[in-house]
Every structure is written in C-alpha cells, then in structure tokens.
Amino acid sequence: MSTPDKPQYRAWFESIRDPNERYPLDEIVYTDQSGGLLQVAHDLDELKKTSGEDWKERFKQRSHGNEWPYGSGVWGFKEWVLPQLDNDNVVSMYEGHTNLFWADRYGRQLGVPDLWLKLCGNSHTGSFKDLGMTVLVSMVKEMLAKGRDIPAVACASTGDTSAALSAYAAAAGIPAIVFLPRGKISVAQLIQPVANGAIVFALDTDFDGCMEIVKQVSQQDGVYLANSMNSLRVEGQKTVALEIMRQFEWEVPDWLVIPGGNLGNVSALGKGLDMLLEMGLIRRKPRICVAQAEAANPLYLAYKRDFEVFEPIAARKTLASAIQIGNPVSFEKAVAALRNYDGVVEQASEAELVEASAEADRTGLFNCPHTGVALAALKKLIRRGLVQSDDRVVVISTAHGLKFVDFKVDYHRMQLEGIVPENPNPPIELPADYDTVRSQMLREIDRRFGR
Ligand SMILES: *Cc1c(COP(=O)(O)O)cnc(C)c1O
C-alpha cells in the first residue's frame, strides 16, 4: 500500500527580470546581478496539490488559534510565505488579524456605503510594517541557528520600519541597529526603538545619508539589511491581501485603495492577489488605487505619462512623513501590480489629506495622515465617477492614528501652517459653573446635531 508523498513546499529568491537567476532564501543577497529587485517565488505546482477549497478551510481553521505559529495572521499562511522555515525559528507576536472596519457612516457621507477600512495599524508596533518584519527577522534567526555569522540587523528609517525591526529583534534577542537623522524626527518616532533596546544612531544627515551608511555596514560588515529592498518583507506584507479576502469569505471587493511611498506595500498587495488568483481562491480581480502625497508624487507623475518614463524627484515635506520618498525602491514591482489590476494613481494635497482624515475621524475613526491621503484620493475617484455608489471599497489604513497625533493636535488648535481647518474641535475652556456650562452645552448639541 502506498501513502501519498508528503508535500515538499519550496520557495526561493528570484530576479524579477530573469526568473532563471535564483538564490536560496538563507543566502544573504538583496538584489540580482544587474542590481534589480528580487522576489520570493514559490513552487506553485506543489502548492496546487492541495485544492483551493482545502486551502481556504485550512486557513480558516488556523485563524486566531493557538497552535504555534499558525495563530499569527502571517504564519497562518506559512506554506504560502516561507514554507521551509523551521517553526522553532519563527519570531512572531501574533501580528495580523487586524480588523476590517465597515465605515458605514463615513461611506454614506461619501456616497459609497459599502466602504471598509483595513486597520493595519491595530498591530504590535502600530503599523503594517510588522507583517514584513516578522518574516525577515525569522529568516535571520534561522540563519543564525544554522551558524551564519550575522552580527546584527539594521535599517535606516525615521519611523515605522525602525519600530517594527527593533521590536522583533528584541523579541528574538538579536541586536538591532537603527540609523536616524539627528533632530529630524519626533519623540514618538524615536521612543519605540529606544525602548526596545535597539542601538540607535542619530546621525548628522538626512534619511538618504542614513541609507548610505546602512548600505555600507551591510556590504562591509555583514550586518543584515532590513530596508524594503529586502524582498522577505514584501513576502510577509502580501498576507494583507490574503487576510482581506478571507475576512470577506473570498468575495472580491471592487477597489483597494492604498497609500504608497517606497511602494513595497502595493507590490505586496499585488503579489498576494496574484497568488490567490493563481491558486484559485478568488476568480475576479479587484482594481487598485495607489494614493500619493502631492509633495512626494513620483509614481503619480509617471502614471500620468503611462509609465513610459520614471524620474525620481526630491520629495518635499509632507505631514504624511512615512511616504515622503522621491525615489521609490519598489517602483518596477508597483507598476507591474498597477498594470495587472487596472490600477490608477491619485494624489492629495496637504489640505486635502488633513481634511479627509479629520472628516473620517468625526465618524469614529482615528486616522494617520497616510490613511488621510488614501481617503482624499478615494474622494477624487468618486468625483471622477471611477468609483461608483454600489462598489465595495477597501481602504488600507497603514498605521495607528495614535502614532501621528501632532498633526491632529495642530489641526484642532488651528495651528497647522497654511491650512484653515474646516472642522476644528478644540476643548471649550470654562469656569466650573453649572449655568455657564449648561447653556454652552445645549448650544453645542444644537449646533452639531441640529436638534
Ligand atoms: C511604510 C509606510 C507607508 C508606505 O509604504 P511603502 O511600502 O513604502 O509604499 C505608508 N504608511 C505608513 C504608516 C508606513 O509606515
């Protein structure tokens, strides 16, 4: 009697330009021979030995369970992410499983009642960066277990990437190094890596200067590079597509709207969708909109020229600081995703992103400025008739609003430079006197709710 062979799932690094150029995942390699990007590729024939329906059942059963590590929102899809990784080397804080919020009140205001927000910021370090970092740091732990000499993991960042790297490295007991531009970041951005015990360097330069240093220490000193040119991160982030579809019982929405800076996240979204289609878990394609801040819009400018030319720009200052990037690393992958999903690119000015964010806050959300960019872009798509009233729309909210309170404080204090807020709501300061409070209270209820 023969037993069916145990499946031998495999994944490897592959050049996006030449599928024949391959490397094992435990090799320290960030780009192909021509300097182009790598991606993680999978043996799909092997995965297809399990039917789409069986994969759905398996993913559903694991969801929120406690069997290590499958209860994690990323590792519940382990065979589709890093199938060969030893479970003992997984570094996870049960990331993912972020809620998909039906924003029905805001949706009705905009004229798209079937509006949902995927709240990726409701996560361990407060942004979607956790989804990619759990995968990258797990791979580092496995390489160390196999005896590789890696003194530390490192990234250049001013915000969410350094927070996620520091937390996962701390959980694994691996040294993390973070390069930040001195004096150019807020207390909130600095405190996460500091608290998690990362080696934090504040350098007399800007973000690009930090990037140069991190590249040198990775090339010359064997420090493992955790910036998003490392495609292990994209592999973890692609689970956002898998999770959204599972949350909708594999019913495909019409639109996915996502803010983009370095463009790793939209590449990941596209990659997740590609795999769902290829494996037969979904049968229809959603459309994708990438939303950029007008101050940092190189993808938008390229889109306007049908992607025939790409010119890096010098990104100007924007409140959406995590997407203030003029030369996005994952440009090529993002263009492929946009072409494959009938994509569009929109942009939002500072005033537009601030107002959209505040407006949605008034319906119970608490948006980061990047989500504000996505919401402002959505409003434009609705106005242009591209998004229609019966469409199901999912906005990817990339970080928790509590990580970015400064712009809200300034908005409600009416102190945002160059912006006149439409709906400020500063606290009302009064003496502690019942009659004064009562008359003001009744006036405010009437003013706001028109009773
Ligand atoms: C990193 C980040 C982005 C941009 O993602 P990319 O992959 O660089 O396009 C958007 N929003 C937040 C909050 C982020 O941390």
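First listed ligand is number 1; within each ligand, the first listed atom is number 1. When a residue number appears, it is its place in the shown sequence, counting from 1.
The Asn262 neighbourhood of ligand 1 comprises atoms 6 (P), 8 (O), 9 (O), with distances under 4.0 Å to a heavy atom of that residue. Of all atoms in ligand 1, listed by their number and element, those nearer than 4.0 Å to a heavy atom of Lys129 are 1 (C), 2 (C), 3 (C), 14 (C), 15 (O). Ligand 1 places these atoms under 4.0 Å from at least one heavy atom of Ala322: 2 (C), 12 (C), 14 (C), 15 (O). Using a 4.0 Å cut-off to heavy atoms of Gly260, the atoms of ligand 1 that qualify are 9 (O).
Seen from the ring of Tyr30, Lys215 does not count as a face-on cation partner, given the 6.0 Å and 45° thresholds.
The N/O atoms of Pro259, backbone and side chain alike, include none that comes under 3.5 Å of an N/O atom in ligand 1. Polar contact check, Gly264 against ligand 1: a nitrogen or oxygen pair lies under 3.5 Å apart. Annotation: Ala399 places no N or O atom under 3.5 Å from an N or O atom of ligand 1; distance criterion only.
Of all protein heavy atoms, the one closest to atom 11 (N) of ligand 1 is Thr398 OG1, 2.8 Å. Counting only heavy atoms of the protein, atom 7 (O) of ligand 1 lies nearest to Asn265 N, 2.8 Å. Regarding atom 6 (P) of ligand 1, its nearest protein heavy-atom neighbour is Leu263 N, 3.5 Å. Protein heavy atom at the shortest distance from atom 5 (O) of ligand 1 is Phe128 CZ, 3.5 Å.
Within the 4.0 Å heavy-atom criterion, neither part of Gln237 lies near ligand 1. For Asp160, every heavy-atom contact with ligand 1 shorter than 4.0 Å involves the side chain, none the backbone. At a 4.0 Å heavy-atom cut-off, ligand 1 touches Ile323 through the side chain alone.
A donor and an acceptor atom, one from each side chain of Asp274 and Tyr341, are located under 3.5 Å apart. For the 3.5 Å distance criterion, the side chains of Asp32 and Tyr23 fail to qualify, holding no donor opposite an acceptor. Asn230 and Tyr224 form a side-chain donor-acceptor contact under 3.5 Å, judged by distance and modelled atom types alone. Side-chain N/O atoms of Asn196 and Ser166 include no donor and acceptor closer than 3.5 Å. Under 3.5 Å, the side chains of Ser92 and Trp68 contain no donor-acceptor pair of N or O atoms.
A donor-acceptor pair under 3.5 Å links the side-chain atoms of Lys118 to the main chain of Thr98, judged by distance alone.
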Audit row: Lys379, Glu359, salt bridge (charged side-chain N to carboxylate O under 4.0 Å, His left out) steps and yes/no: CA-CA 12 Å; Lys379 289 171 73 169; Glu359 203 175 78; 2.9 Å; yes

Salt bridge (charged side-chain N to carboxylate O under 4.0 Å, His left out) evaluation trace for Lys380 with Glu294: CA-CA 13 Å; Lys380 292 184 178 177; Glu294 210 175 286; 5.1 Å; no

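Contact check for Met133 versus Met93: no side-chain heavy atoms found under the 4.5 Å cut-off.
Look at Phe404 and you'll find every heavy atom at least 4.0 Å from all atoms of ligand 1.
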